[in-house]
Amino acid sequence: MIFNDRLKKITVFEVDGTKTIFRKDEYEKPLPNYFSRVIHVNDEAKQINYLRTERLTIILPFQTTTQDEKCIFSAEELPDLLPRLFLFYPLIGTEKFGFNFVIHSKNFQPTEPRDGLHLRSENEKNRIEEEANRKLMDEASNLIFTFLEKSLKEIHDPHLIAKINFPIFSDDSDLNEYFTGLKEKWTKKFKTLPLLETLTGRISPQDAVFLDSVTIDQADEKTQKAIYNIVGKFYPNMPRPELNPYWSNLTDEWSIDGLERVSFSKIAEKIQEQGTLETFEKNELILLYKEMIRKGEAELFANRALIPTIKGQFRKQVELSRSVDLVDELLTVSDVLNPKISN
């Protein structure tokens, strides 16, 4: 309804007879940096926020609420089944187009089955349509980037806006080439935006440190928290604990260079540099070490001084013997590495 001014009211009847009435407010509300309009779904009012130019309308994935007379923007993930491209009506097949925005243009040139846009091919007959669509996508991308530069700091849960996963591994090499370029354009911009929330504030992904996804993959919640607490002693510029898995997976999808990732090897190196047990929680260290062993990283104990003696000094596995007193809680770990030590 936002895309078509002539649509004022729609009534939808479900198979079971349920009726839903959609009714649009007569006027849109111009706001700084964007527009807003209310659509009533039966008795519920839903505010739709969007960018608009003569050629484009872009639905923004956030809702607005008022708290203490202050307007709050909350980002949200759009439904997986919602097409991301519209030509007044949805282009069915664009549900996984690659971003968390919905773009409409009356100037889009769709494919014949209306399941996408002409973007790149070897068909000379479609050259004009392809160039027109690519230009519109560039315009839409730049509009979104400009809006985020101005307004991102006011939006809660900004990580929900950061999904970028264009289809670059299809059977169509020409489309893969186009989407690879579009993905590079988006990730290059998004890595500079203050999308990432740490315990002390927001920073850009390029200024952050991420746990390698292998490090926390399939780890239980308690182990993930332990790893975060240990690594956080060395890297305060990590995502907040509850966002760590999300950002690790997200940046894997971005698949770009220039982002710093922390692996078990790097963690081991930092623990060795620390030298003593006193700055760590023993139970957290045990959880980390068990996860390292579970994931086949036991050789790190031979190459790095990680196991504390009873005096709290870290030693390499090869430096330990029966004559070395170990911290009691670490005996179970050392037994896995070398049964002779704990015997």
Side-chain angles (χ1 to χ4, degrees), residues 1-3 10 12 20 22-25 28-52 56-68 70-86 90-92 94-104 140-141 143-167 183 186-187 189-191 193-198 201-205 208 239-254:
M1 297 177 75
I2 295 295
F3 301 146
I10 299 175
V12 177
T20 304
F22 299 83
R23 180 173 52 82
K24 181 171 62 179
D25 275 5
E28 70 180 8
K29 184 179 181 181
L31 295 162
N33 303 327
Y34 68 99
F35 297 88
S36 184
R37 201 162 192 168
V38 173
I39 291 180
H40 302 270
V41 184
N42 291 334
D43 296 326
E44 180 184 356
K46 186 175 180 64
Q47 185 170 320
I48 309 298
N49 305 296
Y50 53 97
L51 308 175
R52 180 172 56 76
L56 292 159
T57 303
I58 302 170
I59 302 297
L60 299 170
F62 66 82
Q63 293 295 310
T64 53
T65 56
T66 302
Q67 182 177 332
D68 298 328
K70 184 179 180 180
C71 192
I72 296 175
F73 309 104
S74 298
E76 59 182 3
E77 283 190 292
L78 298 175
D80 289 338
L81 296 179
L82 177 66
R84 297 311 196 247
L85 301 180
F86 277 64
L91 300 183
I92 305 298
T94 62
E95 294 82 1
K96 299 186 183 299
F97 195 76
F99 45 50
N100 196 39
F101 297 85
V102 175
I103 300 174
H104 157 73
S141 299
L143 278 172
I144 292 169
F145 299 163
T146 299
F147 167 78
L148 292 177
E149 287 173 346
K150 295 178 179 178
S151 306
L152 186 56
K153 291 182 179 180
E154 302 170 8
I155 300 175
H156 290 205
D157 299 321
H159 60 282
L160 297 178
I161 299 176
K163 184 174 183 179
I164 303 171
N165 190 22
F166 293 101
K183 182 177 182 180
W186 275 67
T187 53
K189 185 64 181 180
F190 271 45
K191 74 176 184 179
L193 297 172
L195 288 161
L196 190 142
E197 297 171 288
T198 71
R202 289 193 189 183
I203 60 176
S204 67
R240 291 201 326 249
E242 70 275 17
L243 297 177
N244 242 313
Y246 188 95
W247 271 106
S248 291
N249 292 329
L250 192 70
T251 51
D252 279 349
E253 288 186 346
W254 285 12

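Note that the coordinates shown come from a computational prediction; the quantities given were computed from them, not determined experimentally. In what follows, every heavy atom counts, from backbone to side chain, and hydrogens, waters and symmetry copies are set aside.
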Peer 1: Would a 4.5 Å heavy-atom cut-off, applied to side chains only, mark Lys183 and Ile164 as touching?
Peer 2: yes
Peer 1: How close do Leu160 and Glu77 get, heavy atom to heavy atom, and via which atoms?
Peer 2: CD2-CG, 3.6 Å
Peer 1: Measure the spacing between CD of Glu76 and CD1 of Ile155 and express it to the nearest 0.5 Å.
Peer 2: 11.0 Å
Peer 1: Crowded around Lys163 NZ? As in, over 12 foreign heavy atoms under 6.0 Å?
Peer 2: no
Peer 1: Between CZ of Phe147 and NZ of Lys150, what distance do you get to the nearest 0.5 Å?
Peer 2: 10.0 Å
Peer 1: Grab the two heavy atoms, one from Ala45 and one from His40, that are nearest each other, plus how far apart they are.
Peer 2: CB-ND1, 3.8 Å
Peer 1: Of all the heavy-atom pairs spanning Ala162 and Trp254, show the shortest one and how long it is.
Peer 2: O-NE1, 3.0 Å
Peer 1: Looking only at heavy atoms, what is the nearest atom pair of Ile161 and Phe190, with distance?
Peer 2: O-CE2, 3.5 Å
Peer 1: Do Phe86 and Ile2 touch side chain to side chain, with heavy atoms closer than 4.5 Å?
Peer 2: no
Peer 1: How long is the gap from CD1 on Ile203 to CG on Leu193, to the nearest 0.5 Å?
Peer 2: 13.0 Å
Peer 1: Is there a side-chain contact between His104 and Tyr50 in this structure, where contact means two heavy atoms from C-beta onward sitting under 4.5 Å apart?
Peer 2: no
Peer 1: Which residue pairs pass the side chain to side chain donor-acceptor pair (under 3.5 Å) test with at least one member in residues 151-162, sequence neighbours excluded?
Peer 2: Asn33-Ser151
Peer 1: Working to the nearest 0.5 angstrom, can you tell me the gap between Ile58 CD1 and Ser141 OG?
Peer 2: 8.0 Å
Peer 1: Which residues pass the side chain to side chain donor-acceptor pair (under 3.5 Å) test with Thr57, sequence neighbours left out?
Peer 2: none
Peer 1: Any side-chain heavy-atom pair from Leu195 and Pro158 closer than 4.5 angstrom?
Peer 2: yes
Peer 1: Looking at every heavy atom in both Leu31 and Ser36, which two are closest together, and how far apart are they?
Peer 2: CD1-CB, 3.7 Å
Peer 1: Is it true that a side-chain atom of Arg84 and a backbone atom of Phe99 form a donor plus acceptor pair closer than 3.5 Å?
Peer 2: yes
Peer 1: After noting the C-alpha distance and the side-chain angles of Lys46 and Gln63, does the key distance pass the side-chain contact (heavy atoms from CB on, under 4.5 Å) rule?
Peer 2: CA-CA 9 Å; Lys46 186 175 180 64; Gln63 293 295 310; 3.6 Å; yes
Peer 1: Yes or no on side-chain contact (heavy atoms from CB on, under 4.5 Å) for Phe101 and Leu143, after CA distance, side-chain angles and deciding distance?
Peer 2: CA-CA 12 Å; Phe101 297 85; Leu143 278 172; over 6 Å; no
Peer 1: May I ask you to test the Leu56-Leu51 pair for a side-chain heavy-atom distance under 4.5 Å?
Peer 2: no
Peer 1: Find the distance between CD1 (Ile10) and CZ (Arg23) and round it off to the nearest 0.5 Å.
Peer 2: 13.0 Å
Peer 1: Nearest 0.5 Å, please: how far is NZ in Lys96 from CG in Leu81?
Peer 2: 8.0 Å
Peer 1: Do Leu152 and Pro194 have side chains that get closer than 4.5 Å, going by heavy atoms?
Peer 2: yes
Peer 1: Less than 4.5 Å apart, any side-chain heavy atom of Phe35 and any of Leu60?
Peer 2: no
Peer 1: Any side-chain heavy atom of Lys29 sitting closer than 4.5 Å to one from Gln47?
Peer 2: no
Peer 1: Ring centroid separation for Phe62 and Tyr34, is it under 6.0 angstrom?
Peer 2: yes
